[in-house]
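Read the structure below first, then the notes.
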Number of protein chains: 2
Amino acid sequence: MLAILPNPTNTFCNLPAEKRERILAVAVGEFAANGYQKASLNNVVKRSGIAKGSLYQYFENKEGLFFHIFECFTDLVKDSANAALAEAANADFFAQLEAIVWAGIRFIDTHPDYFQIYLRVVFEQDVPRREELVSRVRLFPLEYMGPLCEAGQRAGAIRDDIEPAMAVFLVDAALERFLQAYAKPYLDSGLRLKEKNEQQLRDAVVTMIEVLRAALVPQGQGA
Amino acid sequence: MLAILPNPTNTFCNLPAEKRERILAVAVGEFAANGYQKASLNNVVKRSGIAKGSLYQYFENKEGLFFHIFECFTDLVKDSANAALAEAANADFFAQLEAIVWAGIRFIDTHPDYFQIYLRVVFEQDVPRREELVSRVRLFPLEYMGPLCEAGQRAGAIRDDIEPAMAVFLVDAALERFLQAYAKPYLDSGLRLKEKNEQQLRDAVVTMIEVLRAALVPQGQGA
DNA sequence: CCCTAATATGACCGACTGGTCATATTATGC
DNA sequence: GCATAATATGACCAGTCGGTCATATTAGGG
């Protein structure tokens, strides 16, 4: 399924860690700030203090650099989600959703530039192999949530009069938009997540999960 | 509140309608296909068969052209939403939501390029005065939905144990994402909206509204 | 018909882009 | 210490961009 992305050269991999990470950090910042097309390799080499030619000994071209960054991002996402789900493995469906939301919030706090790059990939058209990149990230929560919803329906925890796809859609929309709102205040429809303190944020998450539970639990079966 | 956007020149407004609309259509296509930054005015003049200098007699610069296009877009959106709400003025909250969704679907079918430009403005960082532009479009449904939710709570049609902001957030997230999914199949989490026929699409809309109703109606008060 | 004002034109500008390559520097094995 | 391979360098390239401007064309009023 997943086509292979070009790797950095050995020369890059053998670089001292400090230099390697400095270049990567500068490049991540540049792509986050400007998007794929407008990101300038001249800026990257200038700000990371290396020569233009060196960059082309580390990566095949602009795409190669970008794909490597995106691969780092997907690795970080997978680690983050797996850790969250491991902790909530035995909890019920909605508790697992809550764990996913918190993992997302922590991810955005820790790696805002990577999340910004992800948003750009999702919504810009001129990113090379965009749909393939998006699917690499989205496949994970979707493939996880689909079976979970179906299991919930079989167990009677989720109403069975709606398609599983619709349940997944609504949950996915709410969760993804919640994280977008957290990262981009002008998307939060008045929730003002970024102005909330820890406790208020916690309340907002709990409330959202509670409303989703009401939407998906069999009718007449209150919270 | 709303700062003034630069207008096209009189020269542009006095152009024969055919020529004016041809230029506009080409420019809309260019911005939709490439986003603000990568959109090429050289392409616009080439494809619309006018001289480079003429474009700069019609608009102050690239921003001026883009702002004019966005203003056309917001006018179309307002007309579309107002027409939908006028028809559903006396219906209940959820019927009005359904009308909004259908207006959105029709808008995307009729003006796919404009919708694409809107998505770009929302999720790209390098669009001039982006947040102001986004708020011009989002203000409308949000200012409309907020009071409607509060009225619903006072009338007992919407549960009053959640903040109105959270109700608005969830509804807005579901509706907006539904339209995004309709416009961009890789965002639809498996709903496969674009593969549905008219009747199946209608069912999907009804189901989504039904699920939202379950989420927001007072507990124990079934559909 | 002519003069003026409005409009149309495209060659041209400086800035910047992703990418190349001959050359310089450093590391390695003997 | 020397030859060879690996790495680092930045001047340079062709192409594109948004934007300008002197000049050509057209339109309108007297």
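Below, chain A is the first sequence line, B the second, and so on; all start at residue 1.
Side chains of B/Arg130 and A/Tyr186: a donor on one and an acceptor on the other come within 3.5 Å.
One can place CG of B/Asn14 at 14 Å from P of D/dA27, the figure rounded to the nearest angstrom. Between the P atom of D/dC17 and the OH atom of B/Tyr36 lies a distance of 14 Å, rounded to the nearest Å. Rounded to whole Å, atom P of C/dG10 lies 17 Å from atom CG of B/Leu41. We find that CG of B/Asn10 is positioned 18 Å from P of C/dA5, with the value rounded to whole Å. As a whole-Å value, the separation of B/Leu15 CG from C/dT7 P is 9 Å. Atom NZ of A/Lys46 and atom C1' of D/dG10 are 13 Å apart (whole Å). One can place NZ of A/Lys38 at 18 Å from P of C/dA15, the figure rounded to the nearest angstrom. Regarding B/Phe59, its CZ atom lies at a distance of 15 Å from the C1' atom of C/dT7, rounded to whole Å.
At the phosphate of D/dT7, neither OP1 nor OP2 sits under 4.0 Å from any side-chain N or O atom of A/Tyr58. Applying the 4.0 Å criterion to OP1 and OP2 of D/dT16, one finds that B/Asn42 has every side-chain N and O outside that range. Residue B/Asn61 places no side-chain N or O under 4.0 Å from the OP1 or OP2 atom of D/dG18. At C/dA8, one or more side-chain N or O atoms of B/Lys19 fall inside 4.0 Å of OP1 or OP2 (strictly under the cut-off).
Using a 4.0 Å heavy-atom criterion, one finds that B/Ser54 contacts the bases of the nucleic acid, with or without backbone contacts as well.
Contact of A/Lys62 with C/dG19 (side chain to base): no donor-acceptor pair of N or O atoms is detected under 3.5 Å.
Aromatic ring orientation, A/His68 versus A/Phe59: tilted (interplanar angle from 30° to 60°).
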Practice task
List the steps and the verdict of ring pair (Phe, Tyr, Trp, His ring centres under 6.0 Å) for B/Phe70 and B/Phe73.
Solution key: CA-CA 5 Å; B/Phe70 200 84; B/Phe73 164 69; 5.4 Å; yes
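Nearest nucleotide to the A/Ile50 side chain, out of D/dG19, C/dG18, D/dT9: D/dT9. Closest to the side chain of B/Gln57, from the set D/dG10, C/dA8, D/dG18, is C/dA8. Side-chain proximity of A/Thr11 to the nucleotides D/dT9, D/dA8, C/dT7 is greatest for D/dA8.
Judged by the 6.0 Å and 45° rule, A/Lys62 forms a cation-pi pair with A/Tyr36.
Note that CG of B/Asp203 and CD of A/Glu163 are 8.5 Å apart. Values are rounded to the nearest 0.5 Å.
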